[in-house]
Amino acid sequence: MQVHLIDGTYELFRHYYALPKVRDSKGQEVAAVRGVLASLMGMLGHGATHMGVATDHVIESFRNNLWPGYKTGEGVEPELLAQFPLLEEALSALGIVVWRMVEFEADDALAAAATAAADDPRVKRVIICTPDKDLAQCVRGTRVVQLDRRKNITRDESGVVAKFGVEPASIPDYLALVGDSADGFPGLPGWGAKSAAAVLAKFNHLESIPADWREWGVNVASPKALSSTLVANLDQALLFRVLATLRTDVPVFDSVAQLEWKGPTAGFAPLAARLDSSVTKGKGREIKS
């Protein structure tokens, strides 16, 4: 058995900006929802059997209480935000398991589901479908992999090392140093991808990095300055690592069997009819979809 775990938030954003506007009979923008549904139905049609989708039902999470600059829903277009509940309703009607995140983030649900699925001996491989670098920390050997569906790139553990220069377990430490603009925390001044990768490839975690740069024994530019910055800002770096560390204690499923797709529910047909009767807003004209 293979388990496919889908980042519903990423998919909705991706389709929202890739597709022309489409409104249903109530005037609601639905193009992104239609796009995500078509995409996942394509996966099912090509043999996916066990699937779960995580969404950020609310963009904010517990991390906003830890760092004031952490990402919020501010600036996200209302027509995009309004499609989250509809997407969750449509996926559930299609018969796909949906995890609607409020206190936690969609990434946390994916991490928890990947951990639980990988621990089940019936599962041959877990495929986390998202390009989000946060999820690289969940990759395990060739058993748990990360798939960028848009670019058709699959990364196992060696692929993560090739891309970031560190093993999956060091990804939160790496992001703590270099920052993550998408999530709203800056990292430490002077620390870039190359220096963070070189140091963490040897020491793995922040606490293991010697305070004395002369003990590093790695080839990085300005090691004295980097060391001074890390020592002076270690508490902040550790906080950033907390922000970057995905939670695996989020309730997702009791048995991987619950993720098996058994077909759409009775409620899917009327919802699909509503989406199929929507209208595309074209250049000064309306096109029935």
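A cation-pi arrangement is absent between R241 and F185, since the terminal nitrogen or guanidinium carbon is not both under 6.0 Å from the aromatic centre and inside a 45° cone about the axis.
Here the side chains of V30 and L86 are in contact, with some heavy-atom distance below 4.5 Å. Considering only heavy atoms from C-beta on, L200 stays 4.5 Å or farther from H205 through its side chain. Contact of the R14 side chain with the S39 side chain is registered, since non-hydrogen atoms from C-beta on lie closer than 4.5 Å. Two residues are said to be in side-chain contact when any heavy atoms from C-beta on lie closer than 4.5 Å; Q236 and L230 fail this criterion. In this structure, the side chains of D183 and W67 stay at 4.5 Å or more apart for every pair of heavy atoms. Residues P85 and R100 are not in side-chain contact: their nearest non-hydrogen atoms beyond the backbone lie 4.5 Å or more apart.
Residues D132 and T130 bring no donor and acceptor atom of their side chains to less than 3.5 Å of each other. Side-chain contact, E88 with H57: a donor N or O sits under 3.5 Å from an acceptor N or O. A side-chain N or O of Q28 and one of R274 form a donor-acceptor pair less than 3.5 Å apart. Side chains of E77 and Y16: a donor on one and an acceptor on the other come within 3.5 Å.
A centroid separation of 6.0 Å or more is found between the aromatic rings of W99 and F104.
D119 CG: more than 12 foreign heavy atoms inside a 6.0 Å radius. Shown here is E79, whose CD atom has more than 12 heavy atoms of other residues, nucleotides or ligands within 6.0 Å. Within a 6.0 Å radius of CG in D249, more than 12 heavy atoms belonging to other residues, nucleotides or ligands are found. More than 12 heavy atoms of other residues, nucleotides or ligands lie within 6.0 Å of NZ in K202, so this atom counts as buried by the packing criterion.
A perpendicular orientation is assigned to the rings of F164 and Y174, their planes being inclined by more than 60° (bins at 30° and 60°).
Closest approach of L110 and I6 over heavy atoms only: CD2-O, 3.5 Å.
Side chain of Q146 to main chain of D156: no donor-acceptor pair is present (N/O by atom type, distance under 3.5 Å, no hydrogens or angles).
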